[in-house]
2 protein chains.
Amino acid sequence: MNDDAMDLRARIRQTTREAISHAALRLAIEQGPNGLVLVRVQDIATAAGVSSRTYNNYFSSRAEAICAFQADQSKRAGDALSSRPVDEPLDQAVIEAMVELYTDPEPDRAGLRMIMETPELEGEALKAFSMAEGPLAVAIAARTGIDLGRDLFPAVTAAAVAGAVRVAGRHWLEAGDSESFAAILRSALSCVVPAVPPQGRKDR
Amino acid sequence: MNDDAMDLRARIRQTTREAISHAALRLAIEQGPNGLVLVRVQDIATAAGVSSRTYNNYFSSRAEAICAFQADQSKRAGDALSSRPVDEPLDQAVIEAMVELYTDPEPDRAGLRMIMETPELEGEALKAFSMAEGPLAVAIAARTGIDLGRDLFPAVTAAAVAGAVRVAGRHWLEAGDSESFAAILRSALSCVVPAVPPQGRKDR
DNA sequence: TCCAGAATTTGCGTGTCACGCACATAGTGC
DNA sequence: GCACTATGTGCGTGACACGCAAATTCTGGA
């Protein structure tokens, strides 16, 4: 079992996963935020070209399938921040990383509206956004040299960033085309991320 | 239908609601984070002294019932902040309000651990904490004189505060008795709430 | 080239759940 | 005391998540 094999396996699996979650989101959008109940598991599975049992091998609820894309994107937040130049100030690095992650490509309005404005998806949507927190906290700790275990700053800031992204998304849905998502995102993030961690924190 | 009648009605309803959610949380704790599947709806209803159908009139999922107490507490966050002296700086007001809200009484470790460390409850737990955001944003907007609709600061800060409370709770569960929850909470909140909103924001 | 072992897909059966509906009960105001 | 409305309850239904085992596909080595 060499790497190619693993990678091929993983790639096929990933393809199936995306087919299912894409089908789930598409069908949900078609029915609108109110008719979510009408999107049957069987419909999603059929649209994705798999059996309903296989659908359940990948996702344990419809909400999870529908929000999977958002969740996957959030998981990349840590890497996005880590790939910023190490000499960049914290606030700038976070802002540029998040703008790059969440505006390439420009988010799909219908999809975002679906997961953010459908009450039945609220919990899963929050989960999806909050998945950025862990990796983000690690990246912030690494960048600032603060120990994740001893100081709350990295974890709290990560949560604040994830929250700011979520609020920015909501605002973008309401604001229409008057503002670009990137601009809203910058504005939101600048409210909560300091250029440098307050006080001397490395020593604690 | 006078106020007394309404209030009496509402009070009875509230009592039933609390009986159900209390029973749900208690039974969940008894089974531990792993055996959540074993807590049947019927058990919760019986323990609360109502029919299982009535249970469903109050809550639409077990997770919702179990997390109801946390959700109710979060809903009071706006009021807690509003009741702080108007001349208090924003950061201090937020910190004192949250400390008062979340440490009176000292949270139940078992209950908090249950809702924060059980994967099946994660979405509902996030929902419960995020319920503080709306009222908090309104209170922050009122206190700072910033228009909620035009400036993201209130909403973003509210999300950051809710996130900080959540992170503080997680840390408190891990830290054992070495630190009081109030101290952790203060430390977490001081990472994200500025003493005064950055730049002149009232004019935008 | 072929084969033994694995990962994955699928069908079936099961236990639970959420909820619509209709009826019973209780407390509410006139 | 009487209509009225809110709430509680029993029953029935459709869907869902998942355990299990057989079938199928994929993988790497002889």
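Note on naming: letters A, B, ... go to the chains in the order of the sequence lines (proteins, then strands), and numbering restarts at 1 for each one.
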* Give B:V37 one of three labels, base, sugar-phosphate or nothing, depending on what nucleic acid heavy atoms sit under 4.0 Å from its own. =>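 Touches nothing.
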Expressed in angstrom and rounded to an integer, what is the separation of [X] atom [atom1] from [N] atom [atom2]?
| X | N | atom1 | atom2 | result |
| --- | --- | --- | --- | --- |
| A:Q14 | C:dT8 | CD | C1' | 15 Å |
| B:I12 | D:dG8 | CD1 | P | 9 Å |
| B:D43 | C:dT16 | CG | C1' | 12 Å |
| B:E120 | C:dC17 | CD | C1' | 14 Å |
| B:L38 | C:dG15 | CG | C1' | 13 Å |
| B:I44 | C:dT16 | CD1 | P | 13 Å |
| A:R17 | C:dT9 | CZ | C1' | 17 Å |
| B:L36 | C:dT16 | CG | C1' | 14 Å |

Can [X] and [Y] be counted as an ion pair, charged N to O under 4.0 angstrom?
| X | Y | result |
| --- | --- | --- |
| B:R109 | B:D177 | yes |
| A:R76 | A:D79 | no |
| B:R170 | B:E174 | no |

* Kindly say if A:T54 contacts the phosphate of C:dT10, meaning a side-chain N or O under 4.0 Å from OP1 or OP2. =>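 Yes, within the criterion.
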* Below 4.0 angstrom from OP1 or OP2 of D:dC16, is there any side-chain N or O of A:Y55? ->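 So the side chain of A:Y55 is outside the cut-off, no N or O lying under 4.0 Å from OP1 or OP2 of D:dC16.
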* To do: Using a cut-off of strictly less than 4.0 Å between a heavy atom of the residue and any atom of DNA chain C, enumerate the qualifying residues of residues 56-70 of chain A by number.
  =>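 Within residues 56-70 of chain A, the residues near DNA chain C are A:N57, A:Y58.
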* Find out whether the Lys NZ or Arg CZ of B:R62 is both under 6.0 angstrom from the six-membered ring centre of B:Y55 and within 45° of the ring's axis. =>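 No, cation not above the ring by the 6.0 Å, 45° rule.
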* Checking B:R13 against B:Y58: charged group under 6.0 Å from the ring centre and within 45 degrees of the axis? ->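 Geometry flag: set, cation within 6.0 Å and 45°.
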* Asked: Quantified as the angle between the terminal helix axes (five pairs each), what is the overall bend of the helix from C:dT1-D:dA30 to C:dC30-D:dG1 to 10 degrees?
  ->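 The helix from C:dT1-D:dA30 to C:dC30-D:dG1 shows an end-to-end axis angle of 30°.
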* To do: Starting from the 5' end of DNA chain D, give me the residue, B:R13 or A:R40, whose nearest nucleotide shows up first.
  =>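 Mapping each residue to its closest nucleotide by heavy atoms, the 5'-most match is B:R13.
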* **Nucleotide of D:dG8, C:dT9, D:dC11 approaching B:R53 most closely (side-chain heavy atoms)** =>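 Of D:dG8, C:dT9, D:dC11, D:dC11 is nearest to the side chain of B:R53.
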* Please confirm whether the backbone N or O of A:L173 pairs with a side-chain atom of A:R113, one donor and one acceptor, at under 3.5 Å? =>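 Present.
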* B:T118 side chain to B:E122 side chain, donor-acceptor N/O pair below 3.5 angstrom ->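 Checked: B:T118/B:E122 side chains show no N/O donor-acceptor pair below 3.5 Å.
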* **Those residues that, when tested against B:E18, pass side-chain contact (heavy atoms from CB on, under 4.5 Å) (two or more places apart)** =>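 For B:E18 the side-chain contact (heavy atoms from CB on, under 4.5 Å) partners, ignoring immediate neighbours, are B:Q14.
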* Assess whether atom CZ of A:F69 is packed by more than 12 heavy atoms of other residues, nucleotides or ligands within 6.0 Å. =>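 Incorrect, the count does not exceed 12.
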